[in-house]
Amino acid sequence: MADSSDVPHDGSWRSASWRTQLRRRLLTWFTTSARDLPWRKTRDPYAIWVSEVMLQQTQVATVIPYFERFLRDYPTPAALAAADEAEVLRRWEGLGYYRRAKQLHAAAKRITAEHGGRFPETFEAVLALPGIGRYTAGAVLSISRDQRLPVVEANTLRLYSRLIALRQPPTATAPNRLLWEVAAAILPRQQAGRFNQAAMELGALLCTPRNPDCERCPLRSLCPTRREGLQEEIPGKVRTLQYEDRSHVAVVAQHEDRFFLRRCPPGGHWAGLWDFPRYDLTPAAALPGDALAAEVERRFAAEFGFAVRLGEKLKTLRHGVTRFRITLDAFTAEANRREADSAECGWYQPHEILDLPLNTTGRKLSRLLP
DNA sequence: AAAGCGGGGTG
DNA sequence: CACCCAGCTTT
């Protein structure tokens, strides 16, 4: 049984005076150095929750316009709960990781049904909502209500690893438990929300992964990692990701002035979003051109029950997703007749496609249509 | 081209 | 505890 007390690190954080110094310096620094971000102008837990979910896997500059639009269109949990999922996905389009939007929508419905439309204010109730874990629950309730709850995410993970000179990979079980312990111990009694924001901001602006700006850091004299010159070694590397190449083919089928799209099935990738039919043909090198077209036509007919004939290559798109690097060859295709639309697929004119929630490659291909 | 973000859910 | 998640920006 791994115990956090066995994890090699610097124990200064256990000293009350060290923690007092840290709090004072960090909060003072935040007063002068905090970025002016839209979600810092509110104490509405709903708005802060939306920002926290958007900020997962996505950077600040990307999130800002999405956040402002989302709050304008859905100013309350009830407004979000009343929206169609497709409409929510359309507003999320481009942010990626669409499960976040679906969970946000589902949680808004739960808040409306179970909490009378008011964002819950106990840690347990917030944690019980879909898409909300320990970090997000702590962030929302500390920032909006100053509840004394710790947060450990990428920025604080790195900052706290350095403040305790953590000598092990920070995501391993025992080191991670220790980091949460540290995050809880250093919180002030008052202003826990400002403190958490300050810690994350310091990690984002100064205590960066590479070349941290220790000269400007208000915590430099408290930092054992800086003292020992280990900034590039701490936190330890988790592991290097091995990319995997994939070859996909998309079918842009046309009949008169309409194009065929389908909804991605539940449980799979891009679930609930629309896209042109696409097929994984890895490894593509094994198939000569004719055989590739025949294989795609076969799969298309098997899936949708009508035939198309592949034409020329419309476009090659390369996109990376998690550990995959995908080369997507999009082909035009002709359908002899038009099958009836269903809830899962159908024929659309280009102007109708504008209103469908599409994944990024689907949207890029749709812009090539007449 | 590679690195970094990135917590939540599942099994 | 390991693995998955179907994109984007920065370096």
Side-chain angles (χ1 to χ4, degrees), chain A residues 1-2 49 51-66 89 92-104 106-107 126-140 149-159 161 169-177 179-180 183 200 203-205 207-212 232 235-248 250 263-280 282 317-328 357-365:
Chain A
M1 181 63 83
W49 169 48
S51 77
E52 288 296 337
V53 174
M54 288 184 170
L55 287 163
Q56 291 168 11
Q57 303 118 318
T58 312
Q59 294 173 356
V60 165
T62 308
V63 166
I64 289 172
Y66 282 89
L89 287 170
W92 200 268
E93 195 184 295
L95 277 177
Y97 294 97
Y98 300 92
R99 192 201 305 195
R100 292 181 294 169
K102 299 171 78 162
Q103 288 174 328
L104 200 66
V126 174
L127 199 60
L129 295 169
I132 297 188
R134 187 177 179 184
Y135 164 74
T136 306
V140 173
L149 295 166
V151 296
V152 176
E153 42 66 78
N155 292 308
T156 45
L157 181 96
R158 189 170 55 250
L159 174 63
S161 292
T171 52
T173 305
N176 195 253
R177 189 187 307 132
L179 288 167
W180 278 99
M200 293 190 277
L205 298 182
C207 199
T208 49
R210 277 172 299 176
N211 306 315
E232 298 301 327
K237 296 284 166 277
V238 176
R239 72 163 173 241
T240 50
L241 191 66
Q242 284 300 305
Y243 286 108
E244 200 177 315
D245 289 318
R246 291 287 174 96
S247 298
H248 289 194
R263 197 141 72 124
C264 302
H269 309 137
W270 302 300
L273 272 76
W274 291 74
D275 191 12
F276 298 96
R278 58 187 285 171
Y279 302 97
D280 187 348
T282 312
L317 297 174
R318 288 187 179 79
H319 65 119
V321 180
T322 62
R323 70 178 198 280
F324 299 108
R325 284 189 306 197
I326 301 169
T327 302
L328 175 67
L358 265 60
N359 61 16
T360 299
T361 51
R363 185 62 66 196
K364 284 181 179 170
L365 293 175

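Note that these values count all heavy atoms, side chains included, but never hydrogens, waters or copies made by symmetry. In what follows, chains are A, B, ... by sequence order, proteins preceding strands, each numbered from 1.
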**Study point:** Check: Q57(A) side chain, dG6(B) base, donor-acceptor under 3.5 Å
**Key:** yes
Review point. With a 4.0 Å cut-off on heavy atoms, is R100(A) in touch with a base, just the backbone sugar-phosphate, or nothing at all?
Key: nothing
Review point. Given dG8(B), is OP1 or OP2 found less than 4.0 Å from the side-chain N or O atoms of T136(A)?
Key: yes
Check your understanding: Between atom CD in E153(A) and atom C1' in dG4(B), what is the gap in whole Å?
Key -> 13 Å
**Study point:** Test side chain to side chain contact (heavy atoms under 4.5 Å, CB included) applied to S161(A) and L179(A), step by step
**Key:** CA-CA 7 Å; S161(A) 292; L179(A) 288 167; 3.8 Å; yes
Check your understanding: Residues two or more places apart in sequence or in another chain: which of them pass salt bridge (charged side-chain N to carboxylate O under 4.0 Å, His left out) with R363(A)?
Key -> E93(A)
**Study point:** Nearest-neighbour nucleotide for the I326(A) side chain, dT9(C), dA6(C), dC5(B) considered
**Key:** dA6(C)
Study note, to complete from the structure: Result for 5'-nearest mapping on DNA chain C, choosing between A172(A) and K364(A), is A172(A)
Review item, side-chain donor-acceptor pairs of residues 131-140 of chain A, under 3.5 Å, at least two apart:
| residue | atom | partner | partner atom | Å |
| --- | --- | --- | --- | --- |
| Y135(A) | OH | E52(A) | OE1 | 2.6 |
| T136(A) | OG1 | Q56(A) | NE2 | 3.0 |

Review point. Could you state the CG-P distance from L157(A) to dG6(B), rounded to the nearest angstrom?
Key: 11 Å
Give every pair of a protein N or O atom and an N or O atom of nucleotides 9-11 of chain B that lie under 3.5 Å apart, one pair per line with the distance.
| residue | atom | partner | partner atom | Å |
| --- | --- | --- | --- | --- |
| dG9(B) | OP1 | G131(A) | N | 2.8 |

**Study point:** Euclidean distance for P, dC8(C) against dG8(B) (whole angstrom)
**Key:** 22 Å
Review point. Counting just side-chain N and O atoms, does T360(A) come under 4.0 Å of either OP1 or OP2 of dA6(C)?
Key: no
**Study point:** Side chain proximity check, T58(A) to R100(A), heavy atoms < 4.5 angstrom
**Key:** yes
Review point. Please give, in whole Å, the distance from dG7(B) P to Q59(A) CD?
Key: 14 Å
Exercise for review: Can you tell me the distance, in whole Å, between the CE atom of M54(A) and the C1' atom of dC5(B)?
Suggested key: 17 Å
Check your understanding: If you pin N211(A) and Y98(A) to their nearest nucleotides in DNA chain C, which one's is more 5'?
Key -> Y98(A)
Exercise for review: May I have the distance from L104(A) (atom CG) to dG8(B) (atom P), rounded to whole angstrom?
Suggested key: 13 Å
Practice item. Please tell me if the side chains of L317(A) and T360(A) come closer than 4.5 Å, counting only heavy atoms from C-beta onward. Key: no
Review point. Do R278(A) and I326(A) come within less than 4.5 Å of each other through their side chains, counting heavy atoms only?
Key: yes
Check your understanding: To the nearest angstrom, how far is L55(A) atom CG from dG6(B) atom C1'?
Key -> 11 Å
Practice item. Could you work out which one of dG8(B), dG6(B), dA2(B) sits closest to the side chain of R325(A)? Key: dA2(B)
Exercise for review: Would you mind telling me which of dC5(B), dA3(B), dG6(B) lies closest to the side-chain atoms of R210(A)?
Suggested key: dA3(B)
Check your understanding: Rounded to the nearest Å, what distance is computed from the CZ atom of residue R158(A) to the C1' atom of nucleotide dC5(B)?
Key -> 9 Å
**Study point:** Rounded distance in Å - CZ (R134(A)) to P (dG8(B))
**Key:** 10 Å
Check your understanding: Roughly how far apart, to the nearest Å, are dG4(B) and dA6(C) at atom P?
Key -> 23 Å
Review point. So do the side chains of L104(A) and W92(A) get within less than 4.5 Å of each other, counting heavy atoms only?
Key: yes
Exercise for review: Select one nucleotide: of dC8(C), dC5(C), dG7(B), the one nearest the side-chain heavy atoms of F324(A).
Suggested key: dC5(C)
Practice item. Answer with base, sugar-phosphate or nothing: what part of the nucleic acid does L95(A) contact at a heavy-atom distance below 4.0 Å? Key: nothing
**Study point:** Minimum side-chain heavy-atom gap L95(A)-T62(A) below 4.5 Å
**Key:** yes
